Participant: 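Before I ask anything, here is the structure I am working with.
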Amino acid sequence: MINLTLKDGSVRQVAKGTTLYELASSLSQGLARVAVVGKVNGELKDLDYALTEDAEVEILTLDSEEGLEVLRHSTSHLLAQAVKNLFPGTILGIGPAIANGFYYDFDSEHTFTPEDLAKIEAEMQRLAKEDNSFKCKLISREEAIQYFQDSGEKYKVELINDLPEDAQISLYTHGNFTDLCAGPHVPSTKMLKTFKLQSVAGAYWRGSEKNKMLQRIYGLAFAKASDLKDYLFKLEEAKRRDHRKLGMELDLFSLHDEGPGFPFFHPKGMVLRNILEDFWSKEHQKRGYVEVKTPIILSRTLWEQSGHWDHYKENMYFTKIDDQDYAIKPMNCPGGMIMYKTKLRSYRDLPIRCGELGLVHRHELSGALHGLLRVRNFTQDDAHIFMLPSQIKDEIIAVIELVDYFYKIFGFEYHIELSTRPEDSMGSDEAWEMATKALEEALQAKGMDYKINPGDGAFYGPKIDFHLKDCLDRTWQCGTIQLDFQMPEKFDLTYIGEDGEKHRPVMIHRVVYGSIERFIALLIEHYAGAFPTWLAPVQVRILPISDKHNAYAQKVQSILKDQGIRVELDTRREKINYKIREAQTEKIPFALVVGDKEAEQETVAVRRYGQKDTKVLSVEDFQALILDEINTKRTGL
RNA sequence: GCCGAGAUAGCUCAGCUGGUAGAGCAAUUGAUUCGUAAUCAAUAGGUCGUGGGUUCGAGUCCCAUUCUCGGCUCCA
C-alpha cells in the first residue's frame with residue numbers, strides 16, 4: 001500500500017500500481033468523468049499513470065488553467081491528425097498550447113487556405129467523436145529516430161537529436177496518429193469538443209529566419225462552448241478599441257501610402273501629444289532633469305564612433321551632404337555624448353539628468369509596421385543620466401519609481417523584463433555582467449517582479465523593459481532603462497573626481513513613455529477612445545437648444561475658455577438629440593445643454609460622456625468641477 | 001524581409017459564372033427653431049490601389065508592383 005496526500009491535505013491509502021484514473025473514480029464518479037490529468041508531486045501526469053510510491057496527488061479538471069492547457073495541447077494533436085488525413089505527405093513541426101488555444105506548424109506542398117480550415121475543422125470534429133484514447137509509449141532515442149526517419153518526419157528527428165542526453169522520449173498515439181510528445185494528454189479525444197480554427201500564418205522553423213518557413217494553423221480551444229463564444233465576443237469588443245480604427249474616427253492621426261510607418265498627427269492628436277509632453281517636462285523638471293534638443297542628421301563619423309555603424313546599420317537611414325555621409329539618427333544618445341563633452345565636468349555636477357524629446361527614424365521591416373504601435377519615425381521621451389559609479393543604484397531606482405508614477409496615473413498595468421546581452425554587441429563580458437547585476441539589484445531593491453529576456457538587450461548594454469498590453473493582449477515595450485558602460489568609453493567621457501584626476505562616468509539611457517506614438521496608441525486602446533478629461537482633445541461641447549440660445553452659449557464658452565478649458569460650441573441648426581448623439585460619438589467628456597432655463601438662471605445642464613442622467617449646475621460650479629477633474633487627472637467615471 | 005489574405009465614394013460595405021459601378025452614414029444645398037443618442041428633401045461624390053497583359057469588352061481573369069491586415073522575424 002502507498003499513502004497519497006490529496007489536495008485537501010487528507011491522506012488516502014491505495015494499492016501500489018493504482019492509476020490516477022482509479023484514484024479519481026474512488027474519490028467520486030463525477031470527478032472521474034471530468035478528470036483531465038493528474039498532478040503527482042507537482043508534475044503533470046496522464047490519468048493512466050500508475051502510482052508506485054507515496055506522493056502528493058491532485059486530480060485536475062478543465063476548471064484549472066493546467067487542465068485547460070492540456071486540453072489545448074491535445075487539440076493540437078487532433079489538428080495534426082486531421083491535417084495528415086486530409087493532406088497526406090504533410091510534415092509536422094511543433095504544436096504547443098498557447099493562451100486561449102493552440103497552434104501546429106506544418107511543412108506541406110499544399111498551401112492552406114481559409115476554406116481548408118473549415119474542412120480541417122470538420123475532420124477534427126469527426127475524429128474527436130471516434131473516442132480514441134491518448135496512449136503514451138516510452139522508447140529509446142534510437143527507436144524514436146528510426147521511427148520518425150522512416151515516416152519522413154525530419155523536423156521530429158531534429159528535435160530528438162537536440163533533446164538532452166538523459167531525456168525520456170515518449171510517443172503519444174491516438175487513433176491513426178502518433179506524435180513525439182512529452183505529454184500529458186486528456187484521456188480521450190471525446191473530451192475535445194469546443195475548438196475553432198482561427199487562421200493560417202507563416203512561421204519560421206524554430207523561430208529563426210534562417211530556416212524554412214512553415215505554415216502555422218492557429219486554433220482556439222475552451223472547456224465549454226459558452227467560453228468559446230464569450231471569448232469570440234470579447235475579441236470583437238477588443239477590436240472596437242483598436243487605436244487604428246479609433247484614431248481615424250476621433251480624427252487623431254492618419255497613415256498614408258506616401259509614408260508607410262510615418263504617421264501624420266491631426267490637430268486633435270496634437271493636443272493629446274502636447275499634453276503628454278508638457279506633463280512629461282514638468283514632472284522631469286521636478287526631478288532634477290534638464291532638457292535639450294539634438295539634431296536629427298549627424299555625420300557618419302559620429303555613428304562610427306558610437307558603434308551604431310557596426311551594430312545598428314540595418315535599421316538606419318542615410319543621406320549625403322556635400323559629398324559627405326550622414327545618418328538620420330535612430331537614437332538620441334550620440335548627440336547627448338557630444339553635449340556632455342562641451343564642458344569639463346566635475347564630480348560635483350553629477351548626476352546630470354539630461355532629457356530629450358527626440359525624433360528618431362528607424363528602418364523597420366515593412367511587415368512589422370502596425371498603426372502607431374510600430375512605426376518608422378517616433379519621438380522618444382529620452383534622457384541620459386551621467387553619473388558616478390556609486391550613484392548607479394539610486395538613479396536606476398529613481399527611474400523605476402518615475403515610470404511607475406507615470407503608468408499609475410494612466411491606470412496602466414505593466415510587467416517588467418530584464419533583457420541581457422545580445423549576440424551582436426560590444427564591450428567586455430565583465431562590463432556587461434556588472435551592468436546586468438546593477439539592474440537586477442535595483443529591481444530586487446524595489447521588490448519588482450520581472451522575467452529575464454535573454455539576448456534582447458541593446459548592443460551597448462542590458463536593459464529593464466516595461467511592457468504594456470494592447471487591446472488584443474499583445475504586449476509592447478514602452479519604458480526602458482539601459483545601463484551603458486560602452487558609450488562613455490567610446491566617446492571618452494570624463495569628469496574630474498575629488499582627487500583632481502579624470503574619471504569615467506557611467507550612463508543610463510532611459511525612456512518613460514517609450515515612444516510618444518506608441519504610448520498614444522496604447523492610451524487610445526486603454527481608454528477605448530474615451531479619454532479622461534485632462535487628456536481629451538475636446539473637453540466640453542456646448543449645445544444650444546436653438547439659435548436663440550447662441551449668445552448665452554457663447555458667454556459660457558468664453559468663461560470656460562478663459563480657464564484654459566478646451567471647449568467647442570455646436571451652433572448648427574440641428575435638434576438637441578442630434579447634437580447630443582454626435583458629442584457622445586466623439587466621446588467628449590462633457591456636453592453642456594443650454595436653453596431657456598439655463599440662460600435665465602445662468603446654469604448649464606451637464607451631461608457626462610457615457611451617462612444618461614444630467615445635472616444642472618451653475619456655470620461656476622461646473623467650472624470648479626471640471627478644473628478639479630483636470631488638475632487631479634481623474635477619469636471622472 | 002518572409003508566409004497568407006485583402007485594397008470599390010470621406011467612412012462601412014454590396015457588385016453571381018467578364019457586358020463600361022450601387023447602398024447606408026458623412027458632405028453640400030434648402031426647409032425645419034426643436035429639451036438629452038440620428039428631422040425631412042434634393043444635390044454632388046468613384047479613370048474600382050498602381051502599371052502591364054488576355055479579351056470585341058476587365059471592378060471581375062493573368063502577371064508585376066505599392067500599401068494594409070493576421071502571423072513569423074525584429075523592435076520604442
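Source: prediction; values computed, not measured.
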Participant: Under 30°, 30 to 60°, or over 60°: which ring-plane class applies to A/H509 and A/H384, parallel, tilted or perpendicular?
Facilitator: perpendicular
Participant: Report the distance from atom CD of A/E598 to atom P of B/U36, rounded to the nearest whole Å.
Facilitator: 11 Å
Participant: Applying the side-chain contact (heavy atoms from CB on, under 4.5 Å) test to A/V399, which of A/I481, A/V511, A/T480, A/I464 qualifies?
Facilitator: A/I481
Participant: Please report, rounded to the nearest Å, how far the C1' atom of B/U36 is from the CZ atom of A/R541.
Facilitator: 15 Å
Participant: Spell out yes or no: do the side chain of A/E314 and the base of B/G1 have one donor N/O and one acceptor N/O closer than 3.5 Å?
Facilitator: no
Participant: What is the ring orientation for A/F590 with A/F622, classed by angle as parallel under 30°, tilted 30 to 60°, or perpendicular over 60°?
Facilitator: perpendicular
Participant: Taking only Lys NZ, Arg NE, NH1 and NH2, and the carboxylate oxygens of Asp or Glu, determine whether A/R541 and A/E568 approach each other closer than 4.0 Å.
Facilitator: yes
Participant: How many whole angstroms separate atom CG of A/L543 from atom C1' of B/A37?
Facilitator: 12 Å
Participant: Below 6.0 angstrom between ring centroids: does that apply to A/F106 and A/Y104?
Facilitator: yes
Participant: Mind checking the C1' distance from B/C2 to B/A14? Whole angstroms is fine.
Facilitator: 34 Å
Participant: Return whichever of A/V606 or A/T113 has its heavy-atom-nearest nucleotide of RNA chain B closer to the 5' end.
Facilitator: A/T113
Participant: Residues in salt bridge (charged side-chain N to carboxylate O under 4.0 Å, His left out) with A/D465, at least two apart?
Facilitator: A/K463
Participant: Write down the distance between CD1 (A/I545) and P (B/U39), rounded to a whole number of angstrom.
Facilitator: 14 Å
Participant: Please give, in whole Å, the distance from B/C3 P to A/Q198 CD?
Facilitator: 22 Å
Participant: Please identify each residue that fulfils salt bridge (charged side-chain N to carboxylate O under 4.0 Å, His left out) with A/E574, with sequence neighbours left out.
Facilitator: none
Participant: Determine whether A/H370 and A/H243 satisfy the following criterion, side chain to side chain contact (heavy atoms under 4.5 Å, CB included), listing intermediate values before the conclusion.
Facilitator: CA-CA 10 Å; A/H370 185 102; A/H243 76 281; 4.2 Å; yes
Participant: Using atom C1' of each nucleotide, how far apart are B/A9 and B/U47 to the nearest Å?
Facilitator: 14 Å
Participant: One thing to verify: whether A/R273 and A/D278 come together as a salt bridge, which I'm taking to mean a side-chain N less than 4.0 angstrom from a carboxylate O.
Facilitator: no
Participant: For A/K612, check salt bridge (charged side-chain N to carboxylate O under 4.0 Å, His left out) against everything at least two apart and list the hits.
Facilitator: none
Participant: Give me the distance, rounded to whole Å, that separates B/A58 from B/A21 when you measure between the P atoms they each carry.
Facilitator: 12 Å
Participant: Given the P atoms of B/C13 and B/U54, what is the spacing between them in whole Å?
Facilitator: 35 Å
Participant: Give the rounded distance in Å between these two atoms: CG of A/L197 and P of B/A5.
Facilitator: 17 Å
Participant: Measure NZ/A/K210 against C1'/B/C3 and give the value in whole Å, please.
Facilitator: 19 Å
Participant: When rounded to the nearest Å, what value does the distance between C1' atoms of B/U60 and B/G18 take?
Facilitator: 6 Å
Participant: Rounded to whole angstrom, note down the P distance from B/G52 over to B/G57.
Facilitator: 16 Å
Participant: Within the 4.0 Å limit for protein heavy atoms, which parts of nucleotides 60-76 of chain B are touched? Write it as a string from 5' to 3', B for base, S for sugar-phosphate only, - for none.
Facilitator: -------SSSBBBBBBB
Participant: Does atom NZ (A/K268) have a neighbourhood of more than 12 heavy atoms from anything else shown, all under 6.0 Å?
Facilitator: yes
Participant: Of the nucleotides B/A37, B/U36, B/A5, which one has an atom closest to the side chain of A/P114?
Facilitator: B/A5
Participant: Dot-bracket for RNA chain B, please. Rules: Watson-Crick or G-U, both distances under 3.5 Å, ( ) within the strand, [ ] when a pair crosses earlier ones, | for another strand, . otherwise.
Facilitator: (((((((..((((.....[..)))).(((((.......))))).....(((((..]....))))))))))))....
Participant: Work out how far the P atom of B/U12 is from that of B/C56, and round it to whole angstrom.
Facilitator: 38 Å
Participant: In this structure, how many angstroms lie between the P atom of B/A38 and the CG atom of A/D570, rounded?
Facilitator: 15 Å
Participant: Around A/E249, counting heavy atoms of other residues, nucleotides and ligands shown, do more than 12 lie under 6.0 Å from its CD?
Facilitator: yes
Participant: Determine the interatomic distance between C1' on B/U65 and the same-named atom on B/G46; round to the nearest Å.
Facilitator: 22 Å
Participant: When we call it a touch if two heavy atoms are under 4.0 Å apart, what does A/E586 touch: a base, just sugar-phosphate, or nothing?
Facilitator: nothing
Participant: Using a heavy-atom cut-off of under 4.0 Å over every strand shown, decide if A/A605 touches base, sugar-phosphate, or nothing.
Facilitator: base
Participant: Do A/R72 and A/F195 form a cation-pi contact, if we require the NZ or CZ to be under 6.0 Å from the six-membered ring centre and within 45 degrees of the ring's axis?
Facilitator: no
Participant: I need the residues from residues 572-582 of chain A with at least one non-hydrogen atom less than 4.0 Å from RNA chain B; give them sorted by number, or say none.
Facilitator: A/R573, A/E574, A/K575, A/I576, A/N577, A/Y578, A/I580, A/R581
